[in-house]
Number of protein chains: 2
Amino acid sequence: MVRISDVAKMANVSTATVSRVLSNSGNVKKETAEKVLEAIKKLNYQPNLLARQLRRLETKTVLVVVPDITNTFFSKILRGIEQVAIENDYEVLLGDTGNSLEREKGYLDILRQKKADGMILLTARLESHLLEEISHEFPVVLACEYLEGSDIPTVSIDNISSARKATEYLISLGHKRIGFLSGPMDVILSRDRLKGFKQGMMQHDIAIEPNLIQEGDFSFESGFNLMTKLLALTEPPTAVFASSDEMAIGAIKAIKAKGLKVPDDISIVGFDDIKFASIFEPALTTVSQPMFEIGQKAMELLIKLIQKDKLEKSQYILEDQLVIRETCKEKKKDMIKM
Amino acid sequence: MVRISDVAKMANVSTATVSRVLSNSGNVKKETAEKVLEAIKKLNYQPNLLARQLRRLETKTVLVVVPDITNTFFSKILRGIEQVAIENDYEVLLGDTGNSLEREKGYLDILRQKKADGMILLTARLESHLLEEISHEFPVVLACEYLEGSDIPTVSIDNISSARKATEYLISLGHKRIGFLSGPMDVILSRDRLKGFKQGMMQHDIAIEPNLIQEGDFSFESGFNLMTKLLALTEPPTAVFASSDEMAIGAIKAIKAKGLKVPDDISIVGFDDIKFASIFEPALTTVSQPMFEIGQKAMELLIKLIQKDKLEKSQYILEDQLVIRETCKEKKKDMIKM
DNA sequence: TAATCTAGTGTAATCGATTACAAAATAAAA
DNA sequence: TTTTATTTTGTAATCGATTACACTAGATTA
């Protein structure tokens, strides 16, 4: 392995001078610098980052903890993170928890062991005091999620208001029996979406029926299963608002499996606007999150934290948008009951 | 920050002893070890990995270079990699190239700078001599891709034979005018799939028509566009074999857009078996790759390389499988021409 | 009893860079 | 020409762990 001392020897200078050439800092005579650069090229020298990092006590690496890397929602955010990371010479250490709480916890140690300068969490199911604690010691940014009553910097959309908007859209189409497929209740964003749903309903004086609200886990499979349950009710909903696109698609499959049609028989709204939402048939009406931008912003904030810059605020709310495609329709006229 | 010397001081021992307790190596008296452990707990000490890594000249980190992290095909492989990584106390440094050759090249430096102990490439579009070079210096494993005439360890399916199988399946359904949507020709796996397609055709004495073969880039969009082109031919194909599921789905969308039906008018076979292949309607008949296993195996090989173990062989071929779903059907009887 | 071995611990070198400080060389000012 | 300022370079400490080597004390063997 080629070390800085090898370069120094070949160029007939001290390691300090080589280092100065490397970092472009300080005063090095032109000719000396040229000698050094030549030696570097000749030896194909690459500085050992471990040594540099140890000396500088920084890694130029950020840890990104993702609940499920195979979900395109998260990988799109990751893309945004990575873009800003590259622009600022940071590397991304990936922590996929596979929805395991234990693994989520385990990744905190990587930060403590200085393997990364900071951390972006796309999931926050850990006990909040753990997160609070580590965020006091190290730079931490939450994306999508946030922590109630905490001042950990956060980038997300306003889940409550976007869920309310989506609900009101269904109401505006004449729907009153609206089902709600929720995400897991231990994540705040699920609770927010539910809250938004309830707000929308109440604002139009529509009673909320508990058995039209079902808790799932954002997955396709849970969407399918919960919708099947809803369809088994004596009076199934005429519209359903799902807390993720995957669930929405699962729900549509369940509806189709019963021989019913979307949107003719039942309207569906999803959440996220993953790539597949527009490819699926019928194309999904959904709340579109600016995933790439969320990632970018989160990484920008993290870099600021690492550099100990002051943030203007700790909660950044990005704009979402209700994208209307093909899965919603005016409620059918009630049949005259016999 | 708590250092090993702080622990040593508190426990009234030398740093060497603390280190020995930490690594569970060597001979430390029980009582001493207990004292040390107590101090560690009291101070909430976590060893600085940078220092350890510098001393040991290893990072316990592997670099995974992915062409597109938002493609579930790759993220599934990544899952396999990460699983084995965790089991062996490795971390995964993610390098998403966004299909950029330049960024692919840039990630090689991370390896040279010792930020990772080895590298798994899920893309190999770089000039082969670059790859050869770096693989002589550092542990490198190719997954999915391989390099002709190179001995870089590789994990993949046999693309030629699986493409041949899929082609023969279409032929067995009576199709003769079979279109082929290829991936980019600068990746070997695209060329292999084309080769397999041609083999299948020739083995059944079916002439290969150049304008039924179209080159894309694995993406949904290219599938749509190329299929649109094929449909514009005076005599369009009755079946199409796409080199990726995304392309296949794009092709189906194009067919539907023309008012035709899959599989009634045109049969489609995809490649990869991404999650969405079974959700899409009609559910995709496709060549299923064992993505998770590819990732696992690749990581296992890489660990062996890092530990300087001998590999039994350098090319590992895993089993693929033609999954028959709903997008293929017997060719319609020819209309009697007037 | 003396010699040898072993367990347990400490001292200090080491990994490969960066950088504070000192020193030398050169330029500018008196 | 001497003095002072500036530029350029080198020496050695440093980052925080690991580990080769040395040492001590007690156990074992001859």
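Throughout, a chain's letter reflects where its sequence line sits, starting with A, and its residues are numbered from 1.
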Where B/L93 and B/K115 come nearest, the two heavy atoms and their spacing: CD2-O, 4.3 Å

Rounded distance in Å - CG (B/N27) to P (D/dC23): 19 Å

Helix axis bend for the helix from C/dT1-D/dA30 to C/dA30-D/dT1 - C1'-based end axes, five pairs, 10° rounding: 50°

Check ion pair A/K9-A/D6 (N to O, under 4.0 angstrom): no

Side chain to side chain, A/Y90 and A/D117, heavy atoms closer than 4.5 Å: yes

Nucleotide C/dA7, atom P - distance to CD of B/E31 in whole Å: 16 Å

Presence of salt bridge, A/R125 and A/E104, under 4.0 angstrom: no

Interface with DNA chain D, restricted to residues 37-44 of chain B and to heavy atoms under 4.0 Å: none

Reading 5' to 3' through nucleotides 10-20 of chain C, protein heavy-atom contacts under 4.0 Å coded B for base, S for sugar-phosphate only, - for none: BB-BBBBBBB-

Check ion pair B/D68-A/R79 (N to O, under 4.0 angstrom): yes

Non-hydrogen side-chain atoms of B/I188 and B/R191 separated by less than 4.5 Å: yes

Partner set under side-chain hydrogen bond (donor to acceptor under 3.5 Å, both in side chains) for A/D151, not counting sequence neighbours: none

B/F73 six-ring face occupied by B/K76 cation (under 6.0 Å, within 45°): no

Contacts table for residues 33-50 of chain A: side-chain donor-acceptor under 3.5 angstrom, sequence neighbours left out:
| from | atom 1 | to | atom 2 | distance (Å) |
| --- | --- | --- | --- | --- |
| A/K35 | NZ | A/A11 | O | 3.4 |
| A/N48 | OD1 | A/L50 | N | 2.8 |
| A/N48 | OD1 | A/A51 | N | 3.3 |

Could you give the side-chain donor-acceptor pairs of residues 289-310 of chain A under 3.5 Å, partners two or more places apart or in another chain?
| from | atom 1 | to | atom 2 | distance (Å) |
| --- | --- | --- | --- | --- |
| A/Q289 | NE2 | A/D272 | OD1 | 3.1 |
| A/Q296 | NE2 | A/Q83 | OE1 | 3.0 |

